[in-house]
Amino acid sequence: MIVAIDGPAATGKSTSAKLVAHKLGFTYLDTGAMYRCVTLSVLRHDIDLSDSAVLAKLLSDTHIEFGQKNGDVSVSLNGENVSREIRQAEVTNHVSAVSALASVREALVRIQRQIAANQDCVLEGRDIGTIVFPDADIKFFLIADDRVRAERRQLDLNALGENKSIEALMDEIRRRDKLDSERDHSPLRKADDAVEVDTTQLTINEQVDFMVNKVKSLTIGN
Ligand code: DC
């Protein structure tokens with residue numbers, strides 16, 4: 001079974017998708033983390049994004065793996081745990097440009113489909129219900145008010161030891177949503193058959209319970 005969870009930045013996708021997967025006993029795949037890994041590699045190697053040959057080489061040399069320890073999901077890039085580094089502002093500021101590139105998307109979508117091919121999976125991202133798995137068993141599209149999203153992002157950054165004002169974060173989130181929704185390849189878009197969930201007033205537990213119950217109602221045929 002494939003559960004697709006899409007939506008703009010900081011709507012609670014990662015936190016709730018991880019818990020939904022855990023409650024259902026499904027594999028969790030954070031596709032945003034994969035785009036962040038490629039972005040980190042691009043930054044570290046100072047890659048010129050218009051140089052398609054260099055980018056293709058970088059993609060073929062990029063190996064991303066997910067691990068699970070004590071309920072926490074870690075991400076490694078060529079064997080190095082980069083779970084914290086990929087959340088830093090430098091990566092966040094460049095990830096929309098990198099994820100807009102067709103070659104990057106093709107490479108990562110291929111891997112996403114392979115991982116989810118033979119197992120029950122909750123995939124979280126921007127294009128899961130539209131492009132990666134248009135036939136997903138169930139699709140959710142999470143949204144939330146800009147200010148609430150900025151407040152959530154501020155808490156995430158504080159945990160990383162970074163600090164930014166709510167206004168700056170609102171600007172950043174809106175800029176990223178605009179880039180993600182207006183790009184040519186697989187833009188952020190709600191699939192026609194996705195269930196929209198406004199998380200502005202919901203706690204994480206409420207979001208999770210709502211989604212888990214929807215999935216369970218499918219499996220027991222209600
Ligand atoms: O969910 P996130 O903030 O970690 O995602 C980081 C970026 O990756 C996001 O701004 C757009 C891109 N992304 C994408 O283009 N397609 C996906 N399926 C997931 C993320």
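First listed ligand is number 1; within each ligand, the first listed atom is number 1. Residues take their numbers from the sequence shown, with the count starting at 1.
Sequence neighbours left out, the pairs with a member in residues 110-122 that pass side chain to side chain donor-acceptor pair (under 3.5 Å) are Thr27-Gln119.
We find that Lys139 and Glu196 are not joined by a salt bridge, their nearest charged nitrogen and carboxylate oxygen being 4.0 Å or further apart. Salt bridge present: Arg153 and Asp156 bring a charged side-chain N and a carboxylate O closer than 4.0 Å. Ion pair Lys23/Asp209 flagged as a salt bridge, since at least one NZ, NE, NH1 or NH2 atom sits closer than 4.0 Å to an Asp/Glu carboxylate oxygen. Classification of Lys57 and Asp61 as a salt-bridged pair holds, one side-chain N sitting under 4.0 Å from a carboxylate O.
Under the 4.0 angstrom criterion for non-hydrogen atoms, Ala9 is not in contact with ligand 1. Assignment of Arg105 to the shell around ligand 1 is supported, since a heavy atom sits closer than 4.0 Å. Distances shorter than 4.0 angstrom do not occur between any heavy atom of Gln112 and any atom of ligand 1.
Proximity of Asp127 to Arg105: side-chain heavy atoms (C-beta onward) are separated by under 4.5 Å at one or more points. Side-chain atoms of Thr11 and Phe141, non-hydrogen and from C-beta on, never get closer than 4.5 Å to each other.
Looking from atom 1 (O) of ligand 1 to the surrounding protein, the closest heavy atom is Arg126 NH1, 2.9 Å. Looking at atom 19 (C) of ligand 1, its nearest protein heavy atom turns out to be Thr31 OG1, 3.4 Å. Protein heavy atom closest to atom 12 (C) of ligand 1, with residue, atom name and distance, is Ser99 OG, 3.5 Å. Looking at atom 11 (C) of ligand 1, its nearest protein heavy atom turns out to be Asp180 OD2, 3.3 Å. With respect to atom 10 (O) of ligand 1, the closest heavy atom belonging to the protein is Arg176 NH1, 2.6 Å. Of the protein's non-hydrogen atoms, the one nearest atom 18 (N) of ligand 1 is Asp127 OD1, 2.8 Å. From the protein, the heavy atom lying nearest to atom 20 (C) of ligand 1 is Gly32 CA, 3.5 Å. Looking at atom 4 (O) of ligand 1, its nearest protein heavy atom turns out to be Arg36 NE, 2.7 Å.
Near Ser96, the atoms of ligand 1 lying under 4.0 angstrom from a non-hydrogen atom of the residue are 10 (O). Close approach of ligand 1 to Arg87 (heavy-atom distance below 4.0 Å) involves ligand atoms 4 (O).
For ligand 1, the polar-atom distance check against Arg153 finds no nitrogen or oxygen pair separated by under 3.5 Å.
Applying the side-chain hydrogen bond (donor to acceptor under 3.5 Å, both in side chains) rule to Asn163 yields no partners; only residues at least two apart in sequence or on another chain are considered.
Taking both residues in full, the closest heavy atoms of Leu59 and Ser103 are given as CD1-O, 3.6 Å, listed atom of the first, atom of the second, then distance.
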